[in-house]
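Convention: sequence-line order gives letters A, B, ...; per-chain numbering from 1.
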Amino acid sequence: MLLINCPWCGPRDEIEFNCGGEAHIARPADPAALSDAEWAEYLFMRKNLKGLHYERWHHSYGCRQWFNAARDTVTHEIHATYKMGETPPVVAGADGIVKGSSS
Amino acid sequence: MRRYSIWSLLRNARSYHEGWPEMWRSPEPKPEYDVVIIGAGGHGLATAYYLAKEHGVTNVAVVEKGWLGGGNVARNTTIVRSNYLSPESAFLYDKAMELWPGLSRELNYNVMFSPRGLINVGHSREDMIELRRRVRALQLNGIESSMLTTAEIAKKAPILDCSPTASNPVLGGSWQAKAGIARHDAVAWGYARAADARGVDMLQNCEVTGIRREGGRVTGVETARGTIRARKVAIVTAGHSGVVAAMAGFRLPLTAYTMQAFVSEPMKPILDTVVMSSKLVSVSQSDKGELVIGMSTEPYASYSQRGSLPEVERAAQTMTELYPCTRRLRMLRKWGGTVDVPVDASPIMGKTPVENLFINVGWGTGGFKSIPGSGFVFAHTIATGEPHPLVAPFGLDRFASGRLISEHGATGALVHGE
């Protein structure tokens, strides 16, 4: 059972949450200029990382806020949770650090 | 290959069964192969077998990071069915269904295929609309399937609570008589033995760590047992498809989830068919007498190969509601596998952005049933370099063209937040 630290409510049981998949996927600045293949990249292609993964979570049965989490997809350890718009935290000893701005 | 028969059984009985040969060799990797298949699971082994048998391509290696048949082919709930909605999937899965009945004879290996029929139970008005839609779609595609009333279901599966006061009322369901179960390990071993007999090398404990490319064309793989050159490479992994695709420099439209199953202690026969439900993915009784219970995918990305407790709790609760007689039943073991579920819950087969690198992944929660058909059509794709007609709609290009093949209704994958 995961204990997830909602940035708004504090630690809560995993059954209160839903996972929204990979975080920090930036919407294309000029969507009309994209080719079909570029659209597919944005819409469907995922990193699907084994190890540290930055992902979106929704506190569906709590405050109903969206937030981000840095979670390991092998051990399920949650290294950090942070609010939408905040810079993703750097997790020591893990690779796959997201660079650039948040979403 | 020494053939299995009543005579070889009797002959070996005289020597106390100590003279049976190993089912396949454990050769050293050759420096070069015509085709290297990454992943010795059901699909990879079947692909190797049909490459050798149908296309005469025998200079083939199947490389496997662990042991042969130790991934999802050993972790599924052994169900074989062909009840998918869209015409593309209907024909692809039915190709496998066509091969299942003759598979034991074909491989000279008893895969214990048991076409005992499959019920899909509907618990709500929405379930029934969806089931009726799927049965009619199947009938239009010429694939056998029909609707069942509650009374007919109660007769076929007496342990299912069909009373009007049930927590999950049974409003009706769909039926496919030719569906059933098969022995999963035997499918992997049978294909491996038959492929080995035709000269295919099984390279176990041989993890792929890199995919070598030159000028946009694949030239081989880096493995834990050295570099192996290859004219063609096929990625036939389950779960780790995204990780292997990253080695070749491209991403896939799928996410790896954990899917769990558990089995009960063995008991006398109480269920002689397979029952699936929108509340609990599947229940069947194995030949040993255990109830094999399949659950849904877990709600977040995972490579852990073990399931979470909330899902076990949910499944156990639903199990006792649907089948009240199982309340005092003890569970023997539970396990998890990593399933790679594409955004449209349909497999990804065919070419990749890298020349001579082929892919057959993303079978998600429904890989086992499709092993013979998938191997057959994918071998054709590798041998000729062009997608088999049944494979063509399942290419990676469908995500750019927008011709997605949505099969979420036919699989055990939950539709998640994404």
Exercise for the section: Kindly check if the number of other-residue, nucleotide or ligand heavy atoms within 6.0 Å of CZ (R213(B)) is above 12? Expected result: yes
Problem - W335(B) atom CH2: more than 12 heavy-atom contacts under 6.0 Å - result: yes
Handout entry: Contact origin within E14(A) toward chain B - heavy atom pairs under 4.5 Å
Key = side chain
Handout entry: Pairwise side-chain contact, F399(B) with L43(A), heavy-atom cut-off 4.5 Å (strictly under)
Key = no
Handout entry: Interface residues of residues 350-358 of chain B facing chain A - heavy atom cut-off under 4.5 Å
Key = none
Problem - Among the listed options S241(B), A246(B), A256(B), the residue most often paired with chain A at heavy-atom distances under 4.5 Å - result: A256(B)
Problem - Whether over 12 other heavy atoms sit under 6.0 Å from Y42(A) OH - result: yes
Practice task
For the residue pair R46(A) and R251(B), establish whether any side-chain heavy-atom pair is separated by less than 4.5 Å.
Solution key: no
Practice task
Please find out if less than 6.0 Å separates the ring center of Y300(B) from that of W57(A).
Solution key: yes
Fill in the blank from the handout: Residue from A301(B), G402(B), S308(B) scoring the most non-hydrogen pairs under 4.5 Å with chain A is A301(B)
Practice task
Using modelled atom types only, decide if a donor and an acceptor are shared between the side chain of N48(A) and the backbone of V243(B) within a distance under 3.5 Å.
Solution key: no
Practice task
Not counting sequence neighbours, which residues clear side-chain contact (heavy atoms from CB on, under 4.5 Å) with N168(B)? List them please.
Solution key: H123(B), K279(B), T318(B), E321(B), L322(B)
Handout entry: Enclosure of R225(B) CZ (heavy-atom neighbours >12, cutoff 6.0 Å)
Key = yes
Problem - Euclidean distance, Y303(B) OH relative to H76(A) NE2, rounded to 0.5 Å - result: 11.0 Å
Problem - Stepwise side chain to side chain contact (heavy atoms under 4.5 Å, CB included) check, F44(A) with L404(B) - result: CA-CA 11 Å; F44(A) 302 126; L404(B) 269 59; 3.9 Å; yes
Handout entry: Option in G242(B), A245(B), P310(B) with maximal non-hydrogen atom pairs under 4.5 Å from chain A
Key = P310(B)
Handout entry: From CZ (R71(A)) to OG (S302(B)), nearest 0.5 Å
Key = 6.5 Å
Handout entry: Side chain / backbone / both / neither for H58(A) at chain B, heavy atoms under 4.5 Å
Key = neither
Exercise for the section: Count the heavy-atom pairs under 4.5 Å between each of D340(B), T338(B), V343(B), L309(B) and chain A, then report the option with the highest count. Expected result: V343(B)
Exercise for the section: Grab the two heavy atoms, one from P299(B) and one from C19(A), that are nearest each other, plus how far apart they are. Expected result: O-CB, 3.5 Å
Practice task
Could you grab the distance from atom CD of E55(A) to atom OG1 of T255(B), nearest 0.5 Å is fine?
Solution key: 10.0 Å
Exercise for the section: Select one option (side chain, backbone, both, neither) describing which atoms of L254(B) are under 4.5 Å from chain A's heavy atoms. Expected result: both
